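Throughout, protein chains are lettered first and strands after them, A, B, ... in sequence-line order, and every chain is numbered starting at 1. Please read these numbers as outputs of a predicted model, since none were measured by experiment.
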2 protein chains.
Amino acid sequence: MNRRDRNSDDLELFELLEKLGELTDATGIPELLGRLLDIYGLKTVAYLGSGVTAQPGQSPYLAVTYSNEWVDHYKAQRFVDIDPTVQIGMRRMLPIDWDELDRADEDVRRLFGEAKEFGLGRRGISLPVHGQHGDRALVSITSDASDRDWRYLRLHYMRDFQMLALHMHQAILRLEGKTVEQARLSPRERECLLWVAEGKTAWETAVILGLSEHTVRCYLESARHKLGAANNTHAVNKAGKVGLLTQLP
Amino acid sequence: MNRRDRNSDDLELFELLEKLGELTDATGIPELLGRLLDIYGLKTVAYLGSGVTAQPGQSPYLAVTYSNEWVDHYKAQRFVDIDPTVQIGMRRMLPIDWDELDRADEDVRRLFGEAKEFGLGRRGISLPVHGQHGDRALVSITSDASDRDWRYLRLHYMRDFQMLALHMHQAILRLEGKTVEQARLSPRERECLLWVAEGKTAWETAVILGLSEHTVRCYLESARHKLGAANNTHAVNKAGKVGLLTQLP
DNA sequence: CCGGAATCCGGTGTATCTGCCGGATTTACG
DNA sequence: CGTAAATCCGGCAGATACACCGGATTCCGG
């Protein structure tokens, strides 16, 4: 693959980031992924998000340039359970080069073998993304670059896609409506909920804040109503997801 | 400031990342921060980490190139409570340019005014980092670049420091020996906790999962013990922070 | 073969939560 | 000047959570 001029790539990167921030619905995502393939000379790009949708226990969010055949085959074979890029990648912070993965397992070698047949590149990188409340994503790219090029390219891929992955995750969170309906809690309501989230009872919270237990209960009730929560546990979960409980040092 | 050759900067970046990965004790950090100032022509660099030490409720981890006077003054004035770079930066995913911050507040203007007197640059960016276990960090850089240069530089700073911030955080986690005592919940425990987090009662959860109410209570009790939580609310909060409620099966 | 973990089920007494009733003052905003 | 929101306080009945007691089978690895 020919190395392109760095600065022209840079411009395209920043334009793409801007586009990601301006997306208004999910239909634009495949086109953006396609442009990534062109700009960086990649074989495939994939986004796998977990905890980005509102409902629990939902299947993960998927946006890929893979063929439908590969996606179907992957699902049918339950590859996700053994795929080291997912199993390892989702449990670390730094990006990982697929060359570093352990391929001792028979099933794993089969996975990579079949992946190649379905059009994935020989080289790959997966970049983990960590959101604010347990939401996570994994952006994986593959390439057919030569060994010599790869040594050089992988570092630049890691750098650019670290940004791209983050912005992509943010965009998808936004599109999935995770950032809307930000309920506004009063300081006292937030404070009470904060201590309840730490496992304190209403009585303990009252002592901590120097209030009557009944007052604390009232604040909690109010907070539940504002958040549309069925109980304190639900309220803590909802508030936590939108960053209302992020207490600072 | 003169723009340096991109590729030479790139090499230095990747060397720095490697050095960060090889650090064996915290004494090497100030030197690394100093090199960042040289390489990127910055005025200051600062790392603020929360939840990186083993014990909870500890004071945040700080590694800065600021003068001691500024750090002392900042603490004495309790600036952290009003500092928008911290208040906003710690609550978002994407980096933020200090120019975008709201400076309507009188105290905020005083903060930025005094910061300049103590040697911080006129321009700044803060980059949030999210770890796997609810740990967070904020890497802030300042510069005295001209308006024209800044427009160009900020994007490249954001890109390089996105990586640097991540690796810096990872290095500090490693040096602080942050034990990954990630509680391991059984699938059933996780499932029960998931529905309780959605506001369901034990009885409702039992119906959803096709179990007896008592069994659900047992799983929840077990989950509480594993997580060291005082009650279900506490357990949901703890599990949510570390992604136990959103991760793949 | 044995220990541990995961999957299930039942009961009981007490603590806590939740919803709903009532009241109050202060502050901010149009 | 009225209205709304935030800050506080009290009580009560029923639902729910919590801890601690007991039991069971299955599966996996040492």
**Study point:** Contact state string [nucleotides 25-30 of chain C, B base, S sugar-phosphate only, - no protein heavy atom under 4.0 Å]
**Key:** ------
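For A/His73, the ring pair (Phe, Tyr, Trp, His ring centres under 6.0 Å) partners at least two apart in sequence or on another chain are A/Phe79, A/Phe118. Evaluation of the ring pair (Phe, Tyr, Trp, His ring centres under 6.0 Å) rule for A/Phe161 yields A/Tyr40 as partners, not counting sequence neighbours. B/Arg154 meets the side chain to side chain contact (heavy atoms under 4.5 Å, CB included) test with B/Asp97, B/Glu100, B/Ile125, B/Trp150, B/Met158; sequence neighbours excluded. Residues satisfying the salt bridge (charged side-chain N to carboxylate O under 4.0 Å, His left out) test with B/Glu221, not counting sequence neighbours, are none. Residues meeting the side chain to side chain contact (heavy atoms under 4.5 Å, CB included) test with A/Ile208, sequence neighbours left out: A/Trp195, A/Lys200. For A/Glu204, the salt bridge (charged side-chain N to carboxylate O under 4.0 Å, His left out) criterion is met by no residue, not counting sequence neighbours.
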Only distances under 3.5 Å count here; give the side-chain donor-acceptor pairs of residues 60-72 of chain A to other protein atoms, sequence neighbours excluded, each with its distance to 0.1 Å.
| residue | atom | partner | partner atom | Å |
| --- | --- | --- | --- | --- |
| A/Thr65 | OG1 | A/Val45 | N | 3.0 |
| A/Thr65 | OG1 | A/Val45 | O | 3.3 |
| A/Ser67 | OG | A/Trp70 | N | 3.2 |

Check nucleotides 9-16 of chain C for protein N or O atoms closer than 3.5 Å to its own N or O atoms and list the pairs.
| residue | atom | partner | partner atom | Å |
| --- | --- | --- | --- | --- |
| C/dC9 | OP2 | B/Ser212 | N | 2.8 |
| C/dC9 | OP2 | B/Ser212 | OG | 3.2 |
| C/dC9 | OP2 | B/Thr215 | OG1 | 2.7 |
| C/dG10 | N7 | B/His214 | ND1 | 2.6 |
| C/dG10 | N7 | B/His214 | NE2 | 2.7 |
| C/dG10 | O6 | B/His214 | NE2 | 2.8 |
| C/dG11 | O6 | B/His214 | NE2 | 3.2 |

Could you list, one pair per line, each protein nitrogen or oxygen that sits under 3.5 Å from a nitrogen or oxygen of nucleotides 27-30 of chain D, together with the distance?
none

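Of all nucleotides listed (C/dA6, D/dT7, C/dC8), C/dA6 comes nearest to the side chain of B/Ser186.
Over its length, the helix from C/dC1-D/dG30 to C/dG30-D/dC1 turns its helix axis by 60°, as judged from the five terminal pairs at each end, rounded to 10°.
In this structure, A/Arg188 places its CZ atom 14 Å from C1' of D/dC9, rounding to the nearest Å. Rounded to whole angstrom, the span from the CD atom of B/Glu221 across to the P atom of C/dA6 amounts to 15 Å. As a whole-Å value, the separation of A/Arg224 CZ from C/dC17 P is 10 Å.
OP1 or OP2 of C/dA5 has not a single side-chain nitrogen or oxygen of B/Lys226 nearer than 4.0 Å.
Of all the residues in residues 229-236 of chain B, not one reaches under 4.0 Å from DNA chain C with any non-hydrogen atom.
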